[in-house]
Novice: 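I am attaching a structure below and will ask some questions about it afterwards.
Chain naming here is simple, since letters A, B, ... match the order of the sequence lines and numbering starts at 1 in each. Only this structure's heavy atoms are used, side chains among them; waters, hydrogens and symmetry mates stay out.
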Amino acid sequence: MTSIAAHSSIADVAAQDLIIRVRGLRKKYGTLEAVQGIDFEVQQGEVFGIIGPDGAGKTTTFQILSGVMEATGGDIQVLGKAPRDARLGIGYLTQRFSLYLDLSLEENLRYSAGLREVPEDLFLERSRKYLKLMDLDKFPKRLAGQLSGGMKQKLALCCALIAQPKVLLLDEPTTGVDPVSRREFWDVLATLADEGVTMVVATPYLDEAERCDRIALIYGGQLQQIGTPDQLRAGLGLHRLEVRTEAIEDAERALTTPQGTDSSIIDVQTFGDRLDVLVKDIQTGEAQIRLLLDKSPLDGQPGSPVHISRTEPTLENVFVTHLRQQGSDPPFIPFPRIYPRENNQGEMAIYAQDLSKKFGDFQAVKDVDLEIHYGEIYGLLGANGAGKTTTIKMLCGLLERSAGAIILAGQTSNLRSAELRKRMGYMSQKFTLYDDLTILQNLEFYCGVYGVPRHARRAKIDWVLETCGLTGQENMLTGQLPGGWKQRVAFGASVMHEPKILFLDEPTSGVDPLARRQFWRLIEDFAHNGTAVLVTTHYLEEAEHCHQMSFMASGETVAKGSPSQIKAQQPGQLIEVGLAETQVASNLLKTKFDPWRVSIFADYLHVVLDRPDQQISELKSILQAAAIEIRSIRTIPFSLEDAFIGTISRALESQTGGAP
Amino acid sequence: MDIKFFEQLFESCFWALALKEVRQIFRNKQLLFLLTFPPTVQLCIFGFALSPDVRHLKLGIIDDSRTEISRELVAALTENQVFIAQTYPANPKALGEEVRRGKVDVGLIIPHDFQRTLKRGRPIEVQVLVDGVNAYTAGVASNYVNQIVNQYGYQLVARPQGANIVPQIVYLYNPGLISSWFFVPGVMGMLLTMVSVLASAVEVVKEKDAGTLEQLLMTPASVLEILLAKVAPLFFLLMGDVFLSLGVARFVFAMPFRGNLPLFLALSGLQIFIGISLGILLATVSRSKQQAILTSFFITLPMVILSGALAPIESMPPFFQTLSLFNPLRHYITIVRALMLKDVGVSVLWPQILALAIFAFVFMSFSSYRFRAQAQ
């Protein structure tokens, strides 16, 4: 264990401030040791983050802390008791929404309160308070099943809070939640932390993890690192250079070609439209990058401008670097193709015009136009409940459209024919594997049902297993796989028949950062080979891989274009403010500017200003008045996530009052 | 029928679907248990426990006569175990109280002049109090008392008036009048229907429950293939149940099988087919496994009650007798009884066979229509 945090400082803390104490926690499932002895402590009012790749043992740890499951070994104390006895003081939020979807908001709350024997007057007081805090107080009678993903998760949090637990255990609460709602959710968590609630949070979003007081990096059932985000970042001992160029793939290739041992470049990571290059020394590193990029022509455009800015590593850099050093970077294995590549580049694969869907009075999708060519990756992005999934379901014929026209692979009618389906792949939001079959049996099934020729099946199945790192474990029951791994197998299962049109509905939701990168290499590989891909995601940085995209809000398209076009459409100027107390500063600035203009990105604030010349000084004075120290302040280009937050928030703002 | 056919079969969607179902079924210990254990046990329980013979009725006796003849009457009542002399209360009031409390089922009061009156050749009345709460038992008990007392009376008094007509009854097909021979075929039909409805409903709704149905509908497999692949393995398993219950009937209840076995199997297949169709229909209207299971009881229980499996159809009110004609199980049970106990064939059973075939066709068409409609 390479612990950076000074353990002695924790030992000094008075025993009554210790909310959680874990010593030598072990858990075995049969012969598999999921957690192999971890120790940590969480103090009163702390937000403690747990990060790690899929299958690291995070969910197991949560289940033991919450008293749902017994540990195989170790001493675990929550609130000074065994977890089972402390359950009344613990609120637990699982990965899947723990709500009754056929009950209303109010009934769900009342049920949770009843279970924990909350008196009526306290129940009324608290439900009013928390519903208001979560912005859910407008429709107490609405059924939980009708809420969007982000709202469901907020309601689940309300339910967990109704008994006023001293400890909140949150296992990936924002998986599948859009960037806007995700930030709202964390704002709520910050408020709760201020009230003294202790929290343990797991998250696959590392920019969220930056908002924790301390973080533990778990890998392979062991605690690898523990400390504050600053300590973890400093522990890396590296500097970060942001490289921005038009030809990002060429630049990545140029920088990743192996250099000598004296090379300053340690790691190169793609983040959307930029490369993060981690270097030992900032000066020589930058010089080396410039040299390498000058040597290799970028996309045949000599002199294509390269911007390099010097910053410090993010938590995601720490995570990726650490796991790569462990050798757990999933491999890229070329897909064994059996069909020749069709010469269909530029032909229309998916076309939709004025596509609309009404469920009763509710307009789920309104006048959506799409044009997707073969070889193109098209991103359909939007807030939860914006109608993305409904659109995909209409396109692939699972749902009847109310109005509009669809052309799929040149066909206008008979969109459900077996011939057409053989050319299509679909991966839905839910896991679509059979839990009661083994991994191998699932893959054999999808091979068979999509008519992959028998002689080619072995190669395809082996490819999926190798890509997922599951070779040798193919006879494991699929139900036993951790969520992120199931997602990888499900992706494999949906592409084995070499579809020409591929629908991917949140394929990377709940998948760890390294595996997400692998997913996108595979998606790009399919596009290079002529497949048209329609994909939805809540990770905006990976949406940069899309060639074309549209943003949806409340069923309508609100922005459209290539990633660079969309970023160029953004009004105003984006300012990045580096400061220590992002949460306090964000709360403060939201009262002075439009709330959508301010968002937290890791340990920075992003502020959109229309008149930066005057407003920057205004911003500085506001922060100075509150005695918040500014570490750095600079103008940066819009990332897709900034563009998304701005576009969606503005669209929703103009619709408020009309919300259903 | 050459290798090519098999090659095509193994390449087909249907094969992949069916193989998947078989693998899921064999991993589903609960389903395998449901298909084997309860039918065996229930068949035994129903076969042994369900018996219309009423025995060991508790008899309370007030013998005011205290004579040889009155004791003989009591002996006649109790000798074949139909009645057991339970109590000897002091007076009619006490006897009435015992009947009220259920301490005895039947009370018998023999008057003090019993022997004297009989000796004079005059009729005498004995009073019988019957607990009428359980109407069926009460009816049987009073019949027994009547019969036994009458027979005893005939023995005592040689009847002067002419010869009685004494019927000589020959019981055909079930000469020992073994009641389990009536019940076992009924219970067989009942179990087969209940299990097939339940198993198919659960198997079909499971896919919807887990969200995999959507993924399945996106594959090139047609809705009919999906449905057929679900039905086929279940069908074979349920046919196994037919053999299982035949085995229990043969070896536990020593029932004969006199009819045509292939015909019996074919018609059982038809009944299973009906059960599966009903199950699929149920699955299309249910959202979850629990819902499907609960709803299946709503359907199967009335079917069983109106089928003649447990009580003769002839004992039902005319309206329900007519209604039962629309119950496939009624026809199937008629067929099972006929085929097991009598050696009759299609020439006799054709109305029932025709009815089953019509039901199978209608139910399957409707449920596959519903399944397709729901899938789109």
Novice: Is it the backbone or the side chain of B:E207 that comes under 4.5 Å from a heavy atom of chain A, or both, or neither?
Specialist: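 Answer is side chain: those atoms of B:E207 sit under 4.5 Å from chain A.
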Novice: Has A:R421 got a side-chain atom pairing as donor or acceptor with B:L217's backbone, closer than 3.5 angstrom?
Specialist: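 At least one qualifying donor-acceptor pair exists.
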Novice: Looking at A:M427, A:K393, A:M424, A:R423, which one has more heavy-atom pairs under 4.5 Å with chain B than the rest?
Specialist: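 It is A:K393.
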Novice: Of all residues at least two apart in sequence or in a different chain, which pass the side-chain hydrogen bond (donor to acceptor under 3.5 Å, both in side chains) check with B:S268?
Specialist: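 With neighbours one apart ignored, the set is B:Y332.
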Novice: Taking all non-hydrogen atoms of both residues, which atom of B:A221 and which atom of A:V449 are closest, and how far apart?
Specialist: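 Scanning both residues, the minimum pair turns out to be CB-CG2, 4.0 Å.
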Novice: Within a reach of under 6.0 Å around CZ of B:R287, are more than 12 heavy atoms found that belong to other residues, nucleotides or ligands?
Specialist: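 No, the 6.0 Å shell around CZ holds no more than 12 heavy atoms from other groups.
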Novice: Checking B:S222 against chain A: side chain, backbone, both or neither under 4.5 Å from a heavy atom?
Specialist: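 No part of B:S222 comes within 4.5 Å of chain A.
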Novice: Applying side chain to side chain contact (heavy atoms under 4.5 Å, CB included), can you list everything that pairs with B:F298, at least two apart in sequence or on another chain?
Specialist: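 Result, side chain to side chain contact (heavy atoms under 4.5 Å, CB included) vs B:F298: none returned.
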Novice: How long is the gap from CD on A:Q441 to CG on B:L19, to the nearest 0.5 Å?
Specialist: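 Reported to 0.5 Å precision, the distance equals 7.5 Å.
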Novice: Taking every non-hydrogen pair under 4.5 Å, which of A:S494, A:S417, A:A418 racks up the most with chain B?
Specialist: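 Ranked by contacts with chain B, first place is A:A418.
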Novice: CZ of B:F326: more than 12 outside heavy atoms within 6.0 angstrom?
Specialist: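 Incorrect, the count does not exceed 12.
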Novice: How many angstroms lie between atom OG of A:S428 and atom CD of B:E214, to the nearest 0.5 angstrom?
Specialist: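 Answer rounded to 0.5 Å: 5.5 Å.
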Novice: Under 3.5 Å, is there a donor on one side chain and an acceptor on the other for A:Y446 and B:Q215?
Specialist: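 The criterion, which ignores hydrogens and geometry beyond distance, is not satisfied for B:Q215 and A:Y446.
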Novice: For a 4.5 angstrom cut-off between non-hydrogen side-chain atoms, does A:T432 reach B:M218?
Specialist: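 Side chain of A:T432 against side chain of B:M218, heavy atoms only: no contact under 4.5 Å found.
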Novice: Against chain B, label A:R457 side chain, backbone, both or neither, depending on which of its atoms sit under 4.5 Å from a heavy atom there.
Specialist: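 It is the side chain, since no backbone atom gets that close.
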Novice: Which bit of B:R23 comes within less than 4.5 Å of chain A, counting heavy atoms only: side chain, backbone, both or neither?
Specialist: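 Both backbone and side chain.
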Novice: Just so I know, are the side chains of B:L216 and A:F445 near enough to count as touching, which here means a heavy-atom distance under 4.5 Å?
Specialist: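 When only atoms from C-beta onward are counted, A:F445 and B:L216 do touch, with a gap below 4.5 Å.
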Novice: Under a 4.5 Å heavy-atom cutoff, which of A:L477, A:V452, A:L420 has the most pairs with chain B?
Specialist: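 Max contact count across the listed options: A:L477.
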